[in-house]
There are 2 protein chains.
Amino acid sequence: MLSSSTSDPAPIFAALGDRTRLALLDKLADGQARSISALSLDTDLTRQAITKHLHVLQDAGLVASLRVGRESRFAARRETLDEARAYLDRVSRQWDDTLGRLKAFVEDAG
Amino acid sequence: MLSSSTSDPAPIFAALGDRTRLALLDKLADGQARSISALSLDTDLTRQAITKHLHVLQDAGLVASLRVGRESRFAARRETLDEARAYLDRVSRQWDDTLGRLKAFVEDAG
DNA sequence: TGGATAGGCAACCTAAAAGTTGCCCATCCA
DNA sequence: TGGATGGGCAACTTTTAGGTTGCCTATCCA
């Protein structure tokens, strides 16, 4: 599978839509690349479950992996996170242009 | 089910992680509240499928609904989108504090 | 008042997600 | 060189997501 395309942010959000994966990204927040074993500590999930989650994050482009000796090290990728941020910012700006949004909502109701 | 809690953004991202739902939010971007039927136009999905997607968005807090006559009108909710944005901004800032992130990644590999 | 429109509810199907177990291979190092 | 560690691969189970069809109720309006 290809990395997430620039024009479809849905897969990025889908990858972010899981507590375990958000926790993994948090562990990688210091910028250090970590092995699967290291990332499997402090969780009650199996190493294989963590591996699957890491692959989901990788397919979405949110992490990158690199084989080092017998280890597979994963590191966070800033680019894809920025894509998600840019998308939300765009939507937010779009909603900003709307005047009296809630007002119209309520008035239509009356 | 309750609306998404402030402390767990995963359900918000999960709700955003679907093209159909992103398209629905886009249709609501002008701030107008729209009926399910109106939101079902220009799509090849059934009204019931759209209804389900709207409920997912509502459970996540991304839209609000209001019954008007025989219609159920949905409108975008800015607050929850801002929550998602704030979360990504926080993560982004956290990653910013990391100096030489990619550098360390590469060096460890060598 | 009766047909058209809007929508709720429930059952059902299929595919994918999340997680497990088991096994095997590679690599490190004492 | 052989045991411990790291991890890949595959099969399997269970739950959930996404979507459908069918049917019934409510509302609007000519």
Side-chain angles (χ1 to χ4, degrees), chain A residues 1-2 4 8 10-25 27-28 32-75 105 108-110, chain B residues 1-2 4 8 10-25 27-28 32-75 105 108-110:
Chain A
M1 189 194 287
L2 265 62
S4 68
D8 183 15
I12 304 177
F13 290 125
L16 292 172
D18 182 283
R19 295 181 78 150
T20 301
R21 289 194 288 268
L22 289 183
L24 285 171
L25 287 183
K27 286 188 182 177
L28 295 174
Q32 293 302 313
R34 282 175 174 72
S35 70
I36 295 178
S37 292
L39 291 168
S40 298
L41 301 179
D42 295 328
T43 167
D44 47 355
L45 296 182
T46 60
R47 173 178 56 80
Q48 288 83 348
I50 299 296
T51 300
K52 283 194 181 182
H53 281 298
L54 286 170
H55 285 329
V56 171
L57 288 171
Q58 186 168 22
D59 286 345
L62 286 163
V63 301
S65 76
L66 188 58
R67 194 78 194 239
V68 180
R70 61 179 164 178
E71 294 186 344
S72 263
R73 294 193 190 160
F74 287 79
F105 180 50
D108 286 0
Chain B
M1 189 193 290
L2 266 64
S4 69
D8 184 15
I12 305 177
F13 290 125
L16 292 172
D18 182 283
R19 296 181 78 149
T20 300
R21 290 195 287 268
L22 289 182
L24 285 171
L25 287 184
K27 285 187 184 178
L28 295 174
Q32 293 302 313
R34 283 176 173 74
S35 70
I36 296 178
S37 292
L39 291 168
S40 298
L41 300 178
D42 295 329
T43 165
D44 46 355
L45 296 183
T46 61
R47 173 180 55 83
Q48 288 83 348
I50 299 296
T51 300
K52 283 196 181 181
H53 280 299
L54 287 170
H55 285 329
V56 171
L57 288 171
Q58 186 169 21
D59 286 345
L62 286 162
V63 302
S65 76
L66 190 58
R67 194 78 194 238
V68 181
R70 62 179 164 180
E71 295 186 343
S72 263
R73 295 194 191 159
F74 288 79
F105 182 49
D108 285 0

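Order of the sequence lines fixes the chain letters, A, B, ..., with proteins taken first and strands second; residue numbering starts at 1 for each chain.
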### Query
From C:dT20, C:dG8, C:dA18, pick the nucleotide closest to the side chain of B:Ser72?
C:dG8
Which protein N or O atoms sit under 3.5 Å from an N or O of nucleotides 21-24 of chain D?
| from | atom 1 | to | atom 2 | distance (Å) |
| --- | --- | --- | --- | --- |
| D:dG22 | O6 | B:Gln48 | NE2 | 3.2 |

### Task
May I ask you to verify if any side-chain N or O of B:His53 is less than 4.0 angstrom from the OP1 or OP2 atom of D:dA17?
no
### Residue pair B:Leu39 / B:Leu28, side-chain heavy-atom distance below 4.5 Å
yes
### Task
Verify the contact: side-chain N or O of B:Ser37 to OP1 or OP2 of C:dT5, cut-off strictly under 4.0 Å; return yes or no.
no
### Message
What's the separation between atom NE2 in A:His53 and atom CG in A:Asp18, rounded to the nearest 0.5 Å?
### Response
5.0 Å
### Query
Rounded to whole angstrom units, what separation is found between the CD1 atom of A:Ile50 and the C1' atom of D:dG7?
14 Å
### Integer-rounded Å distance: C:dG19 P and A:Arg21 CZ
8 Å
### Task
State, yes or no, whether a side-chain contact exists between B:Leu62 and B:Val56 at a heavy-atom distance under 4.5 Å.
no
### Message
Donor-acceptor pair, distance only, cut-off 3.5 Å: does the side chain of A:Arg34 make one with the backbone of A:Gln32?
### Response
yes
### Query
Tell me: CZ of A:Arg73 to C1' of D:dG7, nearest whole Å?
14 Å
### Summary
Rounded to whole Å, the NE2-P distance (A:His55 to C:dA16) equals 19 Å
### Query
Could you state the interatomic distance from CG (A:Leu41) to OG (A:Ser35), rounded to the nearest 0.5 Å?
7.5 Å
### Query
Rounding to a whole Å, what distance do you find between A:Asp44:CG and C:dA18:C1'?
13 Å
### Query
Does A:Arg21 reach the main-chain N or O of A:Ala15 with its side chain, forming a donor-acceptor pair under 3.5 Å?
yes
### Query
From the list C:dG7, D:dG7, C:dG19, which nucleotide is the closest neighbour of the side chain of A:Ser35?
D:dG7
### Query
Just wondering, do A:Thr43 and A:Ile50 contact through their side chains at under 4.5 Å, heavy atoms?
yes
### Query
Taking side chain as C-beta onward, heavy atoms only, is B:Leu25 less than 4.5 Å from B:Leu16?
yes
### Query
How long is the gap from CZ on B:Phe74 to CG on B:Leu57, to the nearest 0.5 Å?
9.0 Å
## Note on the structure
Rounded to whole Å, CG of B:Leu45 lies from P of D:dA17 at a distance of 17 Å
Just the atom pairs and distances: protein N or O near nucleotides 25-30 of chain D's N or O, under 3.5 Å.
| from | atom 1 | to | atom 2 | distance (Å) |
| --- | --- | --- | --- | --- |
| D:dT27 | O2 | B:Arg70 | NH1 | 3.0 |

### Interatomic distance where CZ belongs to A:Arg19 and C1' belongs to C:dA17 [whole Å]
18 Å
### Task
Calculate the interatomic distance between A:Lys52 atom NZ and D:dG7 atom C1'; express it in whole Å.
15 Å
